[in-house]
Amino acid sequence: FQHETLRQFKILECIGVKPTTLIPQVDIIHHPVSRIENDKTSQQILINPGARDPRRRWPVDHFTTVIDALMERGHDVFINLMPEEKQLGEEILNRVKKPERVEIGSPHLSHLAYILWQSSLVISNDTGTMHLAMALRRPTVGLYWYGNFLTYGPLFLGHGQALISWTTSCPECQQNLMTAMCSH
């Protein structure tokens with residue numbers, strides 16, 4: 001259980017590269033898209049409900065509750081999904097109160113970086129999208145499963161907040177998720 005950032009720095013030091021900071025940073029210098037599609041403003045909030053490992057996914061009902069509350073407060077919502085997560089997007093659209101106000105997309109990485117940079121807040125499961133948002137110094141709410149928080153969570157929270165699930169077993173079959181996966 002060594003933190004991955006520190007482990008990667010050790011590897012770099014072995015080849016003579018000395019890190020200058022412990023906080024990953026990415027800056028957007030130029031992007032060919034002058035504004036986000038549909039003329040989104042700084043009130044846009046990006047939601048990333050997917051994750052490859054199901055243990056890192058916050059429940060869909062929780063996301064829809066948050067999305068409805070954000071829209072009630074006047075925010076636009078962009079849901080970022082991988083192309084293979086199309087069903088997850090449809091499930092969310094079927095549950096939110098105003099699906100016509102939710103935009104879903106799977107942008108190319110460079111366009112995703114620009115959308116993140118323009119967003120006023122990013123709420124995401126523990127994914128590359130969330131880590132990129134943090135490197136762009138965007139306000140983030142990162143949703144972590146505790147096993148991943150220990151090794152992949154931010155070393156410093158700076159612009160973000162981490163919410164951690166301490167669940168160790170499957171709610172359906174009680175399988176210990178630290179030692180094996182189940183079908184749920």
Side-chain angles (χ1 to χ4, degrees), residues 4-5 8 24 26 28 31-33 36-38 40 44-71 75-119 121-136 138 140-154 160 162-165 167-173 175-184:
E4 283 298 306
T5 301
Q8 296 295 332
V26 174
I28 294 192
H31 192 277
V33 179
I36 296 173
E37 286 111 355
N38 299 332
K40 297 292 181 195
Q44 174 175 280
I45 295 175
L46 184 137
I47 306 282
N48 196 99
R52 290 184 206 271
D53 186 337
R55 297 174 295 182
R56 292 187 286 134
R57 289 188 199 131
W58 206 35
V60 170
D61 286 342
H62 292 11
F63 275 112
T64 56
T65 299
V66 168
I67 291 167
D68 285 337
L70 292 169
M71 288 190 297
H75 295 282
D76 293 315
V77 175
F78 179 86
I79 298 176
N80 179 64
L81 295 169
M82 298 295 290
E84 62 269 17
E85 296 171 330
K86 183 178 179 183
Q87 183 179 355
L88 176 59
E90 291 170 2
E91 190 175 346
I92 290 171
L93 285 180
N94 287 334
R95 293 180 185 201
V96 294
K97 293 176 185 171
K98 298 179 181 176
E100 69 280 359
R101 292 198 43 216
V102 176
E103 183 180 350
I104 295 179
S106 301
H108 182 274
L109 183 58
S110 63
H111 193 194
L112 174 60
Y114 187 75
I115 293 170
L116 290 167
W117 183 60
Q118 292 283 69
S119 295
L121 176 66
V122 176
I123 302 171
S124 177
N125 288 320
D126 177 20
T127 65
T129 298
M130 194 264 312
H131 293 286
L132 179 56
M134 291 175 72
L136 288 163
R138 304 309 307 142
T140 58
V141 176
L143 306 166
Y144 292 90
W145 182 52
Y146 79 97
N148 285 74
F149 184 76
L150 297 174
T151 53
Y152 293 98
L163 300 179
I164 305 166
S165 169
T167 302
T168 60
S169 59
C170 173
E172 288 192 41
C173 70
Q175 169 67 43
N176 181 338
L177 298 174
M178 287 302 290
T179 58
M181 291 289 291
C182 66
S183 63
H184 306 110

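Positions are given from 1, in the same order as the sequence printed here. Keep in mind that what you see is a predicted model, and the values were worked out from it rather than measured.
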Do [X] and [Y] come close enough that some side-chain heavy atom pair is under 4.5 Å?
{"X": "Ile47", "Y": "Val102", "value": "no"}
{"X": "Thr140", "Y": "Ser124", "value": "no"}
{"X": "Val122", "Y": "Leu116", "value": "yes"}
{"X": "Tyr146", "Y": "Thr168", "value": "yes"}
{"X": "Asn80", "Y": "Pro107", "value": "yes"}
{"X": "Leu88", "Y": "Phe63", "value": "no"}

If you take all heavy atoms of [X] and [Y], which pair is closest and at what distance?
{"X": "Gly89", "Y": "Ile104", "value": "O-CD1, 3.6 Å"}
{"X": "Arg57", "Y": "Asn125", "value": "CA-ND2, 3.6 Å"}
{"X": "Pro83", "Y": "Ser106", "value": "N-OG, 3.7 Å"}
{"X": "Leu136", "Y": "Trp117", "value": "CD1-N, 4.2 Å"}
{"X": "Gly50", "Y": "Leu81", "value": "N-CD2, 4.4 Å"}
{"X": "Met134", "Y": "Pro154", "value": "CE-CB, 3.1 Å"}

Would you give the length of the straight line joining atom [atom1] of [X] to atom [atom2] of [Y], rounded to the nearest 0.5 angstrom?
{"X": "Met130", "Y": "Leu143", "atom1": "CE", "atom2": "CG", "value": "8.0 Å"}
{"X": "Thr127", "Y": "Asn48", "atom1": "OG1", "atom2": "CG", "value": "4.0 Å"}
{"X": "Leu132", "Y": "Ile115", "atom1": "CG", "atom2": "CD1", "value": "11.0 Å"}
{"X": "Leu93", "Y": "Glu103", "atom1": "CG", "atom2": "CD", "value": "11.0 Å"}
{"X": "Leu109", "Y": "Tyr114", "atom1": "CG", "atom2": "OH", "value": "15.5 Å"}
{"X": "His75", "Y": "Leu46", "atom1": "NE2", "atom2": "CG", "value": "13.5 Å"}

Please enumerate all residues that pass side chain to side chain donor-acceptor pair (under 3.5 Å) together with Arg52, with sequence neighbours excluded.
none
Quick one: does any side-chain atom of Arg138 pair with a main-chain N or O of Ala133 as donor and acceptor, under 3.5 Å?
no
Step through the shown structure and confirm whether more than 12 heavy atoms of other residues, nucleotides or ligands are within 6.0 Å of CD on Gln87.
no
Testing Phe149, Tyr152, Trp58 for ring-ring contact (aromatic ring centres under 6.0 Å, His included) with Tyr144, which one passes?
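It is Phe149, the one option of Phe149, Tyr152, Trp58 that forms the ring-ring contact (aromatic ring centres under 6.0 Å, His included) with Tyr144.
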Residue list, side chain to side chain contact (heavy atoms under 4.5 Å, CB included) with Asp68, at least two apart or on another chain:
Met71, Val96, Lys97
